[in-house]
Structure formats: structure tokens, C-alpha cells
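Just so it is clear, the values below take in all heavy atoms, side chains as well, and ignore hydrogens, waters and symmetry mates. Ligands are counted one by one from 1 in listed order, and the atoms in each one are counted from 1 as well.
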Amino acid sequence: MPSKAPVVVAITGGAGQIAYSLLPPLLSGSVFGPDQPVKLQLLDIEPAMTALSGVVMECEDLAYPLYAGAVGTSDPMVAFADADYAIFLGAFPRKEGMERKDVMEKNVGIFNSQGSALKGAKPGVKCLVVGNPANTNAAILASASGVPKENITCLTRLDHNRARAMVAIKAGAAVDAVSGVIIWGNHSSTQYPDVRHATVEGKKVLDVLASDWLEGEFVTTVQKRGAAIIAARKLSSAASAAKAICDHMRDWVQGTGDGFVSMGVFTDGSKYGVPAGICYSLPCKCAGGEWTVVDGLPIDDFSRAAMDKTKAELEEELELAKSLL
Ligand code: NAD
Ligand code: LMR
């Protein structure tokens, strides 16, 4: 029997498809550590309670030694009580004919009320927002919860993994031979996947792969990958999203070691010409449970223009969200 006290992990959208792929690795020890017991507090909406009870049964049936219990609830206060970590999967999806403003209005409501309930979590609760629009939902959560901004992040690791895998495939290399890719900005089609600081098998990606591909098809394919998966599957990415969530949380909790990764984090206005107060994906290193931005990378004109475009979209989204608060 493990001797450590369990960490409490709250997950919203617990009956959804990402959660279904996410819960087994969270309980396996691969994210929070091989000797770290995990208690799950799963939140979903009332109509999903029967499905959620089945998910709880399956968590038991996984029979992982680190399993320290699972609760399914529609009450955010129960879900976030004493949470050490909170992963926000549940959000309102854009439906046919809906305006961006209508979707944002729904999400402002959800993240505002979940932000209030988050007050019952542990003071140092670490939050990861995945539900779209992830960066702006994170900003709403930050303003509603009072959780320090350094403890609220959003997921751009899936985009990072997509960029890394795409370079590896094009170069005919193993994915772990690619390092230094960066996703800048919004988890949306304006994101900028940057390989100007990346290497493959120790060589600069810019010297190995053609620049017209790197500045053209590569960028647009990564930007539109989520939409391409929805078009093909009629569902959004789930296995790869769950893997990216595990990568993000593991690195945040256990550290990144030598390399750096992409995380949506709140800016302080001092780096890369990004103004303070937006949740913008940046190159980060993690150690001791804290992230820091990798500063001082040279930015050329091509990158600057792409970074500014995604920044402008985030500023606009945030203005819209604020007007609905
Ligand atoms: P899903 O529809 O399968 O599951 C979402 C779940 O959230 C559902 O069970 C739903 O009932 C629940 N939910 C809705 N409103 C809720 C609320 N107010 N409180 C608690 N639960 C609520 O969706 P999914 O495929 O699991 O994706 C979840 C979200 O993640 C979507 O917004 C999707 O667009 C987003 N996503 C983000 C990334 C990323 O990289 N940031 C990647 C993939 C998917
Ligand atoms: C993804 O990148 O796969 C998702 O964010 C797409 C989506 O809109 O759910």
C-alpha cells in the first residue's frame, strides 16, 4: 500500500471523451509520480450523471494500486473541494449557426461559476484549462477564482506535440530526436508553430527541411490540425489531447529537465513583446512545480508578424469575454 497522502485531482467534463482517455494514465503513476496515490473528483452536468457513474466504476476496475477513490458529482463545490490539481475539460461547444459571442457567453458563465467554486480548493491548486477557447477560458477562470495567475495555465502541448511529430516525420527521424519547437499564442488557427530554434538529430531544423515547407504547409497544417481531426472523426481529438494533458501536468509537477515545452501562461509584459495579462503560449521550463519562461530567444520578422497576429486575436477574445462578464 503506498504511504504518501493522495493528491486530489478535480476534472470537469468527467463523462466526456478526453476524460475517458485521460483517467487511466492519471491513475497509473505516470503523471504525478510512481508512488503518488491519486483521488479523482469528477464534475459533469446533471444529465451526464449516469454516464459519469459508469466512469467511476471503470476507475475502480482499472485496479491501479495508486487509486485512492473517485467521486462523480454535478456540484462544483464537491468537485473542487481540497483539490491539489484541477483540469478543466468541460466547456460549451460551438454548434452550427452559433456566433462566437454566443459560445463565449456560455463559457463566461461556466468558467465564472467554476472559478467561484475553486475557492474551496487547496491554496496552491494548479489549474490546466483545456476546454475551448482554452486561453480565454483560463483568463475568465483567473479573474473569477482569485487563484494566483502563475497557477493557471492552458493546454498548447497538443499543438507542440503535433509540430514535433510533423517535423520528425518529414525529416525521417524519431520524434524524441526533435527538440526546441515552440507554439506561440492562442490555441486556435492563429497560433504560430515556430521551428527557428528547433533541432532534429542535433542539426538545425532550418538546415534540414525546406524553408518554403516550414513557413507554409507546416504552419498551416499544425494550425488546422484540430479542425482536420474533427472533419475526419466528427469528434475532436481525444487520445492525443489526453496524452498532451499528461505531458503538460507531468512536466509542470516533475520538471522538464534540459529542454523546454510550450504552455499557455499569463504574461507579465516583460517578454517577447507580449503585453501583460493575456494567457499566451510561450516556451517554458519547469522545476520544483513552477514554470518559467525561456527568455531571450532571437525573434526575426517572420516570427514577429506571426506572434503579433495571434496576440491580437487573444486581445480581441479577452475584450469580448470581459464585455460579457
Ligand atoms: P466532450 O463533449 O466529449 O466532453 C465534454 C464534457 O463536458 C461532457 O461530458 C459535458 O457534459 C461536460 N460539460 C459541459 N458543460 C459542463 C459544465 N458546465 N461543467 C462540467 N462539465 C460540463 O468533449 P471532449 O472531446 O472531452 O473535449 C472537451 C473540450 O476540450 C472541448 O471544449 C474541446 O474543444 C477541447 N479540446 C481542447 C484541446 C486543446 O488542445 N486545448 C484539444 C482537444 C479538445
Ligand atoms: C484540437 O486542437 O484538437 C481541438 O482544440 C479542436 C477543437 O475545436 O476541439
Side-chain angles (χ1 to χ4, degrees), residues 10-23 41-56 71-80 86-95 98 100 103-118 127-138 140-141 144 153-163 165-166 183 185-191 193 221-249 261-264 279 281:
I11 300 176
T12 76
Q17 51 147 7
I18 295 180
Y20 199 73
S21 292
L22 175 64
L23 302 180
Q41 296 182 170
L42 308 176
L43 179 73
D44 213 294
I45 53 175
E46 195 52 47
M49 283 304 103
T50 308
L52 191 60
S53 69
V55 173
V56 170
V71 173
T73 179
S74 60
D75 182 350
M77 296 302 293
V78 173
F80 295 122
I87 301 174
F88 295 81
L89 307 176
F92 195 89
R94 185 165 178 168
K95 295 183 181 155
M98 276 183 92
R100 222 156 69 101
V103 187
M104 190 72 87
E105 201 161 24
K106 299 275 187 200
N107 282 304
V108 164
I110 293 172
F111 283 86
N112 219 9
S113 71
Q114 291 183 355
S116 300
L118 200 52
C127 303
L128 170 61
V129 179
V130 179
N132 283 318
N135 303 55
T136 301
N137 286 341
I140 302 164
L141 188 73
T153 60
C154 88
L155 189 73
T156 55
R157 184 61 172 268
L158 176 55
D159 311 291
H160 180 103
N161 288 349
R162 286 167 172 164
M166 222 167 276
I183 303 297
N186 202 358
H187 172 69
S188 77
S189 59
T190 67
Q191 68 177 266
T221 307
V222 176
Q223 287 174 331
K224 294 180 185 159
R225 188 66 153 193
I229 290 168
I230 293 174
R233 252 171 50 87
K234 315 292 176 227
L235 287 169
S236 71
S237 59
S240 55
K243 157 70 164 55
I245 293 167
C246 292
D247 290 345
H248 178 112
M249 292 307 296
V261 294
S262 305
M263 296 170 73
C279 187
S281 181

Asker: Any idea which of L158, I18, V130 brings a heavy atom closest to atom 26 (O) of ligand 1?
Answerer: I18
Asker: Is the backbone of C127 close enough, under 3.5 Å, to the side chain of T153 for a donor and an acceptor to pair up by distance?
Answerer: yes
Asker: Can you name the atoms of ligand 1, numbered from 1 with element, that are less than 4.0 Å from a heavy atom of A241?
Answerer: 42 (C), 43 (C)
Asker: Among all protein heavy atoms in this structure, tell me which lies nearest to atom 29 (C) of ligand 1, with the distance rounded to 0.1 Å.
Answerer: L89 O, 3.1 Å
Asker: Quick test of your reading of the structure: of H248, Q17, M49, whose heavy atom lies closest to atom 23 (O) of ligand 1?
Answerer: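 Checking each option, the heavy atom nearest atom 23 (O) of ligand 1 is found in Q17.
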Asker: Pick from D44, L89, L128: which one makes a side chain to side chain contact (heavy atoms under 4.5 Å, CB included) with I11?
Answerer: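 Considering D44, L89, L128, a side chain to side chain contact (heavy atoms under 4.5 Å, CB included) with I11 is found only for L89.
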Asker: Under 4.0 Å from atom 2 (O) of ligand 1, do we find at least one protein heavy atom?
Answerer: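 Protein heavy atoms within 4.0 Å of atom 2 (O) of ligand 1 - there are none.
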Asker: Given the rule in the side chain to side chain contact (heavy atoms under 4.5 Å, CB included) test, do E105 and F92 qualify, once you have shown the distances and angles that lead to the verdict?
Answerer: CA-CA 9 Å; E105 201 161 24; F92 195 89; over 6 Å; no
Asker: Side-chain contact test, heavy atoms from C-beta onward, threshold under 4.5 Å: evaluate it for S236 versus Q17 and give yes or no.
Answerer: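 The answer is yes, as the side chains (C-beta and beyond) meet within the 4.5 Å cut-off.
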Asker: Looking at every non-hydrogen atom in both residues, tell me the closest pair between G131 and A91 and how far apart they are.
Answerer: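 Residues G131 and A91, closest heavy atoms: CA-CB, 3.7 Å.
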Asker: Would you mind listing which atoms of ligand 1 come within a distance below 4.0 Å of any non-hydrogen atom of L155?
Answerer: 39 (C), 40 (O), 41 (N)
Asker: Within the structure provided, determine whether L42 and L23 are in side-chain contact (heavy-atom separation under 4.5 Å).
Answerer: yes
Asker: May I ask you to identify the nearest protein heavy atom to atom 15 (N) of ligand 1, giving residue, atom name and distance to one decimal place in Å?
Answerer: I45 CG2, 3.8 Å
Asker: Nearest heavy atom to atom 14 (C) of ligand 1 wins, so pick from A91, P133, G13, A138.
Answerer: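 When every heavy atom of A91, P133, G13, A138 is considered, A91 comes closest to atom 14 (C) of ligand 1.
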Asker: Which of the numbered atoms in ligand 1 are under 4.0 angstrom from any heavy atom belonging to G90?
Answerer: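 With G90 as reference, the close atoms of ligand 1 come out as 7 (O), 13 (N), 22 (C).
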Asker: Do you know the tightest heavy-atom contact between G185 and N135?
Answerer: O-ND2, 3.1 Å
Asker: Under the 3.5 angstrom rule, does the side chain of S262 hit a backbone N or O of S281 as a donor-acceptor pair?
Answerer: no
Asker: So which of L43, N132, V103 gets nearest to atom 33 (C) of ligand 1, if we judge by its closest heavy atom?
Answerer: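 Among L43, N132, V103, the closest heavy atom to atom 33 (C) of ligand 1 comes from N132.
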Asker: For atom 4 (O) of ligand 1, find the nearest protein heavy atom and state the residue, atom name and distance (0.1 Å precision).
Answerer: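 Answer for atom 4 (O) of ligand 1: G16 CA, 3.2 Å.
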Asker: At under 4.0 Å between heavy atoms, is it the side chain or the backbone of S237 that contacts ligand 1, or both, or neither?
Answerer: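 For S237, the contact with ligand 1 is made by both the backbone and the side chain.
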Asker: Please determine which of Q191, Q223, R225 meets the side chain to side chain contact (heavy atoms under 4.5 Å, CB included) test together with D159.
Answerer: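 Of the listed residues Q191, Q223, R225, the side chain to side chain contact (heavy atoms under 4.5 Å, CB included) partner of D159 is Q191.
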Asker: Should T12 be counted as touching ligand 1, given the test is an N or O pair under 3.5 Å?
Answerer: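 Between T12 and ligand 1 (N or O atoms, distance only) the closest approach is not under 3.5 Å.
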Asker: List ligand 1 atoms under 4.0 Å from S236, heavy atoms only on the residue side.
Answerer: 25 (O), 44 (C)
Asker: Protein N/O near ligand 2 N/O, under 3.5 Å, which pairs?
Answerer:
residue	atom	partner	partner atom	Å
ligand 2	2 (O)	R162	NH1	3.0
ligand 2	2 (O)	R162	NH2	3.4
ligand 2	2 (O)	H187	NE2	3.2
ligand 2	3 (O)	R162	NH2	2.8
ligand 2	3 (O)	S237	OG	2.7
ligand 2	5 (O)	N132	ND2	2.9
ligand 2	5 (O)	H187	NE2	2.6
ligand 2	9 (O)	N132	ND2	3.4
ligand 2	9 (O)	S236	OG	3.4

Asker: Any heavy-atom pair between the side chains of L43 and Q114 that's under 4.5 Å?
Answerer: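 Yes, close enough: below the 4.5 Å cut-off.
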Asker: Heavy-atom contacts with I110 under 4.0 Å: which atoms of ligand 1 show up? List them by number with element.
Answerer: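 Counting from 1, the qualifying ligand atoms are 18 (N).
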Asker: Output the distance between atom OG (S240) and atom CG (N161), rounded to the nearest 0.5 Å.
Answerer: 8.5 Å
Asker: At a non-hydrogen distance cut-off of under 4.0 Å, which region of H187 contacts ligand 1 (side chain, backbone, both, or neither)?
Answerer: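 It is the side chain that touches ligand 1; the backbone stays farther off.
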Asker: With side chains defined as the heavy atoms from C-beta onward, is the minimum distance between H187 and L155 less than 4.5 Å?
Answerer: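 In short, these two side chains do not touch, never coming nearer than 4.5 Å.
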Asker: With a 4.0 Å cut-off on heavy atoms, is A15 touching ligand 1?
Answerer: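 True for this residue.
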Asker: Set out, in order, the CA-CA distance, both residues' side-chain angles and the distance that settles side chain to side chain contact (heavy atoms under 4.5 Å, CB included) for N137 and F88, then state yes or no.
Answerer: CA-CA 9 Å; N137 286 341; F88 295 81; over 6 Å; no
Asker: Just let me know how D44 lines up against ligand 1, side chain, backbone, both or neither, with a heavy-atom cut-off below 4.0 Å.
Answerer: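 For D44, backbone and side-chain atoms both sit under 4.0 Å from ligand 1.
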Asker: Counting C-beta onward and ignoring hydrogens, is there a side-chain heavy-atom pair between C279 and T136 closer than 4.5 Å?
Answerer: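 A side-chain contact is absent here, since even the closest heavy-atom pair is not under 4.5 Å.
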Asker: List the steps, then state whether side chain to side chain contact (heavy atoms under 4.5 Å, CB included) holds for R162 with I229.
Answerer: CA-CA 12 Å; R162 286 167 172 164; I229 290 168; 3.8 Å; yes
Asker: With a 4.0 Å cut-off on heavy atoms, is Q114 in contact with ligand 1?
Answerer: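 Distance cut 4.0 Å: Q114 passes for ligand 1.
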